[in-house]
Each structure stands twice: as structure tokens, then as C-alpha cells.
Engineer: 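Once you've had a glance at the structure underneath, I'll fire off some questions.
Atoms considered below: every heavy atom in the structure, side chains included; atoms not considered: hydrogens, waters and symmetry mates. Both counts, for ligands and for their atoms, begin at 1 and track the order of listing.
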Amino acid sequence: MGAKLLCLLLTSVLLAYYLYTPIPEDFEEPWKVMLITASFRAVGHLAEVADRLGLMHYMEALMLITAAEYIAPTSDENVTVSDTEFSGVAVRLYLPRRATDGLRRAVVYFHGGGWCVGQAGMKSYDHLTRWTSNKLNAVVVSVNYRLAPKYHFPVQFEDVYSVTKFFLQSSVLSQYGVDPDRVCVAGDSAGGNLAAAVAQQLLEDTEVKTKLKAQALLYPALQALDLNLPSYQKNENKPILPRSLMVKFWSEYFTSDPSLREAMASNRHVPVESSHLFQFVNWSTLLPEELKKGHVYAHPAYGSPELAQKYPGFLDARAAPLLTSDARLRGLPLTYILTCEHDVLRDDGVMYAERLRAAGVPVAHDHAKDAFHGAMMFVSSPAELAVGHRLLNGYIKWLDENL
Ligand SMILES: *[C@@H]1O[C@H](CO)[C@@H](O)[C@H](O)[C@H]1NC(C)=O
Ligand SMILES: *[C@@H]1O[C@H](CO)[C@@H](O)[C@H](O)[C@H]1NC(C)=O
């Protein structure tokens, strides 16, 4: 009896310790956030164990959540949903059923998941894109680009680029009844990264005649040069994207070679030969005073040139859109950027908004002070958060008014 009681006590203490994450005071529904965080942490730990035991790659273990959340394409009274291919790349297509007088708007959407996990058919993404299609009476193309560790950069980028290019052909737009003047790219997290990169690349592609009306970047990852920005330091252990996981995602985008991950973890991966690129991510000039508070700008530390020679992707603007020159930013379309205060990627988005504005691009920047990375995904039960609905409504409202 005594032993059983002791066991129970020990288990409860361990469970409480596991569940306990300091949740910032301004979060609504702190208990729900704590449970969500604990579940993500548990999956992360299991993936780590599976990887160490040699059972499967860390990212393949994380991919099991994606599989568990998968739902087949299901049409409803408002939207016809189907899985198909555009230009050889898998996409999930949402076509509104509601009658319309004229042509429709369209959103080409890229899901998040660190270029390694995620799926257009995950319950949360399916909900988001279906909602977008229904609310805006818009055609939505949600792209199932290929993922790491099986495929590395630039495959992810090339997949989303070729889908976008295919869709922007006038014959394809007219087949779906889409107005060529009202098409945007959008994405969250790694998907926001891909959307920003696609919008930049389209500016230089003389084969594409249709111009994007807008880009919407939801808590995007935009650079891998400086992984010690104030937001990385301040939010190192915030839900649901700790710095260590973001470092894994970034390095895995380019290679499974652990030496890049280790160099990125200590922020010594950029060779001195590329030091000129630091001007594009210089938080000391690009962040507003209130976000710089308590941080001292230090000269970047440099790494060996070999890593950059082997894996030049992390210095490539197609992987890190913040590394693009001001002159190239000038032609970009109307931009929506959402950033969350409690997010390692906060400063990527804030700095991009600042650089786009300086380049004369019209930018709407929503900064959610009480939100964490990925919050917009939590809009259906059982993991439903009020803050998720608020962010989603802000994004849809902007699209409705600007696309
Ligand atoms: C269809 O759209 C209407 C109006 O927006 C909404 O009330 C209804 O819940 C939608 N149906 C589904 C299955 O989402
Ligand atoms: C960043 O900006 C500061 C001034 O705010 C400057 O002293 C520093 O040299 C800049 N660093 C780089 C790498 O551009």
C-alpha cells in the first residue's frame, strides 16, 4: 500500500513537472496553452528517443502527428474539395460553390511545419483553407510540397514555385474562374518563408505575365543568418517552437549533416566571406526600440567556410528572403505580416516589415502581443484557443479588404 502511494505521488510530481511551463501572464486560457505545450513537448521527447534508438529520423517521428491529423478531401455545402496535381506537385484544391457575378479571388497557400512536417490535409490546415475559401468566396490552392529529410532545399521552394507559376497561367486562371488581378500567395511559418520567396522570385521571371496582388506572411521564418536575435533569446523556450527545434528545422532544410545543426545552435555558421549579408538582418538598426530593450548588439561570430560551401542554401535569398537587397524588394506586392510577441521568429517578421516599408512597399503589420508561434492553428476542438480565432479573423479580414 505504502509503495503504491509513493508511486502515485512520484508519478503525479513527475507529471506536474512535465506539464508545468511558465506561461506568460498576458496569455488567455493559460491551462489550455499549458496542455498544448506539454503535448508538443511529449511528442518532441518521443521523437528524440526514437531517433537516438535508431528507430526513425526525428522528423519522421514528428511526421506521425501530421499523419494522425490527416483528413481525406471532403466537400461540404459551401466548398468542393479535391486532391490533384499542378505541374506534377500534389495540391489540395478548394472551389467555392456559392454563385458569383464575376470572377473569383484566389489564394495559393503553403502550410507550415519547418519544411519537414505538415500537410494540406491536416485538420488544422484543412480548416484554415476551407474557411478562407468559404469566407472570401475564393479558390484556394493548398500545396503539398515535398519535405525534408527526404528532400532538401531547393526542392520545397521549387515545388511551391512551380505550382504558383502553373496556376498563374491565364488559361488555368480562366478554367477556375479566377480574376488575374486578385491572386495572392500566403503561408504560415515555413510556409510564410516559401510565400515570401515565391513573391520575390516572380518579380524576376519574365515568363510569368500575371502579377500577384498581395502576399500574406503569418509568423514567417525569413532568415537563418542570425539565430540569436532578441526574439530567439527571449523566446528560447516558449510554446510551441523552442529555439532548439527551429535550429533543427533550419538545418534540416539544407542537410541532415549534424555539423550544420551544431554550428547553427551556437550561431557560428556564417563564414566571414559572407559578412556583408549581416546588414540585412541587423536588428540593431531594424528593430524598434521597445524590442531591442535589454539586448546589446554584438558583432557576429563567424564559422568555417566549408559549411557554407557544402550547404550554400542558408545564404540564398530563396531560402532566406530577408537577404534580398532593398532594390529587389521594391517591386513586391501589398503585404500582410503577422508576428507574435512570444515567438523566436518575431524579429524575422518585424525586420521584414521594416525593410519592405523602407523600400516603399505597402505593408500591414499585425503584432499580437499575447500570442505564441503557430497560435492560428488552434481554431478547432479539442485544441481551440480564443487567440487563434482572433488571429484568423484578422488575417481573413485583411484579405477580404485587400485582395
Ligand atoms: C457554409 O457557410 C455558411 C455561411 O458562411 C455557414 O453558416 C455554414 O456553417 C457553412 N457550412 C460548413 C459545413 O462549413
Ligand atoms: C549594425 O548596426 C550597428 C549600428 O546600429 C552598426 O554599428 C553595426 O556595424 C552594424 N552591423 C552590421 C554587420 O551591419
Side-chain angles (χ1 to χ4, degrees), residues 71-82 92-101 104-105 107 109 120-140 142 222-233 264 267-303 305 308 314-315 317 320 322-327 329 347-348 350-355 357-359 376-377 379-381 384 388-389 392-397 399-401 403:
I71 52 173
T74 318
S75 302
D76 62 34
E77 74 224 57
N78 303 316
V79 186
T80 303
V81 183
S82 60
R92 185 166 282 198
L93 191 60
Y94 298 81
L95 303 174
R97 288 196 171 167
R98 219 181 316 150
T100 173
D101 307 337
R104 288 192 164 90
R105 303 180 269 193
V107 178
Y109 194 85
M122 274 171 83
K123 195 174 161 219
S124 44
Y125 284 116
D126 185 74
H127 183 283
L128 169 70
T129 39
R130 184 184 297 268
W131 184 260
T132 309
S133 175
N134 185 25
K135 283 282 165 189
L136 305 178
N137 197 14
V139 171
V140 178
S142 187
L222 297 166
Q223 60 88 32
L225 216 60
D226 187 350
L227 303 178
N228 268 349
L229 298 172
S231 57
Y232 269 96
Q233 293 179 35
M264 282 182 160
N267 210 36
R268 289 172 177 273
H269 51 294
V270 180
V272 68
E273 293 77 10
S274 303
S275 58
H276 63 284
L277 293 175
F278 277 100
Q279 63 180 303
F280 299 129
V281 299
N282 190 342
W283 61 265
S284 143
T285 54
L286 293 168
L287 287 186
E289 281 310 320
E290 58 167 313
L291 300 187
K292 288 197 284 198
K293 255 192 320 217
H295 298 275
V296 180
Y297 185 83
H299 204 270
Y302 298 111
F314 67 86
L315 303 171
L322 256 171
L323 304 188
T324 293
S325 68
D326 292 342
L329 295 179
D347 297 347
D348 285 21
V350 174
M351 292 196 296
Y352 202 45
E354 175 57 29
R355 290 200 50 214
R357 266 196 212 108
M376 202 192 279
M377 289 297 96
V379 288
S380 54
S381 69
E384 190 172 6
H389 285 286
L392 176 57
N393 292 339
Y395 159 66
I396 296 291
K397 180 165 183 280
L399 281 180
D400 197 24
E401 290 166 0
L403 179 59

Engineer: Among all protein heavy atoms, pick out the one at the shortest distance from atom 5 (O) of ligand 2; state its residue, atom name and that distance to 0.1 Å.
Structural biologist: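 For this ligand atom, the closest protein heavy atom is S284 OG, 2.7 Å.
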Engineer: If you have a sec, work out which protein heavy atom is nearest atom 4 (C) of ligand 1 and how many Å separate them, to one decimal?
Structural biologist: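 So the nearest neighbour among protein heavy atoms is N134 ND2, 4.5 Å.
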Engineer: Assess whether a salt bridge exists between E289 and K292, defined as any Lys/Arg side-chain N lying under 4.0 Å from an Asp/Glu carboxylate O.
Structural biologist: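 Salt bridge present between E289 and K292.
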Engineer: Which ligand 2 atoms, with their elements, are less than 4.0 angstrom from a heavy-atom of Y297?
Structural biologist: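 So the answer, numbered in order with elements, is 1 (C), 11 (N), 12 (C), 13 (C).
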Engineer: For atom 7 (O) of ligand 1, is the nearest protein heavy atom closer than 4.0 Å?
Structural biologist: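 No, there is no protein heavy atom closer to it than 4.0 Å.
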Engineer: Look up atom CG in L323 and atom CZ in F280, then write down how far apart they are to the nearest 0.5 Å.
Structural biologist: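 Interatomic distance, L323 CG to F280 CZ, rounded to 0.5 Å: 7.5 Å.
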Engineer: Checking P300 now: which residues fulfil side chain to side chain contact (heavy atoms under 4.5 Å, CB included) with it, not counting sequence neighbours?
Structural biologist: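 Counting only residues at least two positions away or on another chain, P300 forms a side chain to side chain contact (heavy atoms under 4.5 Å, CB included) with F278, Y297, Y302.
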Engineer: Please work out which of the three classes, parallel, tilted or perpendicular, describes the rings of Y109 and Y125, given edges at 30° and 60°.
Structural biologist: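 Tilted, since the angle between the ring planes falls between 30° and 60°.
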Engineer: Which residue supplies the protein heavy atom nearest to atom 9 (O) of ligand 1, what is that atom called, and how far is it?
Structural biologist: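 Nearest neighbour among protein heavy atoms for atom 9 (O) of ligand 1, to 0.1 Å: N78 ND2, 4.8 Å.
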Engineer: Decide whether N134 and Y94 meet the rule of one side-chain donor and one side-chain acceptor closer than 3.5 Å.
Structural biologist: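 Y94 and N134 do not have a side-chain donor-acceptor pair below 3.5 Å.
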Engineer: Within the 4.0 Å heavy-atom shell around F278, which atoms of ligand 2 are there?
Structural biologist: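 By the 4.0 Å cutoff, the relevant atoms are 13 (C).
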Engineer: Taking atom 11 (N) of ligand 2 as the reference point, report whether a protein heavy atom occurs under 4.0 Å from it.
Structural biologist: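 Given the 4.0 Å cut-off, atom 11 (N) of ligand 2 counts as touching protein heavy atoms.
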Engineer: Could you measure the distance from the CZ atom of R130 to the OG1 atom of T80? Nearest 0.5 Å is fine.
Structural biologist: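 The OG1 atom of T80 is 10.0 Å from CZ of R130, to the nearest 0.5 Å.
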Engineer: Quick check on contacts: which atoms of ligand 2 are under 4.0 angstrom from a heavy atom of N282?
Structural biologist: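 Matching atoms, with element in brackets: 1 (C), 2 (O), 3 (C), 8 (C), 10 (C), 11 (N), 12 (C), 14 (O).
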Engineer: May I ask you to test the K135-D400 pair for a side-chain heavy-atom distance under 4.5 Å?
Structural biologist: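 SC-SC contact between K135 and D400 ruled out.
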Engineer: Return a yes/no value: protein heavy atom under 4.0 Å from atom 2 (O) of ligand 2?
Structural biologist: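 Given the 4.0 Å cut-off, atom 2 (O) of ligand 2 counts as touching protein heavy atoms.
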Engineer: Just to be sure I read this right, does ligand 1 sit under 4.0 Å from the backbone of E77, its side chain, both, or neither, counting only heavy atoms?
Structural biologist: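 It is the side chain that gets close, since no backbone atom is under 4.0 Å.
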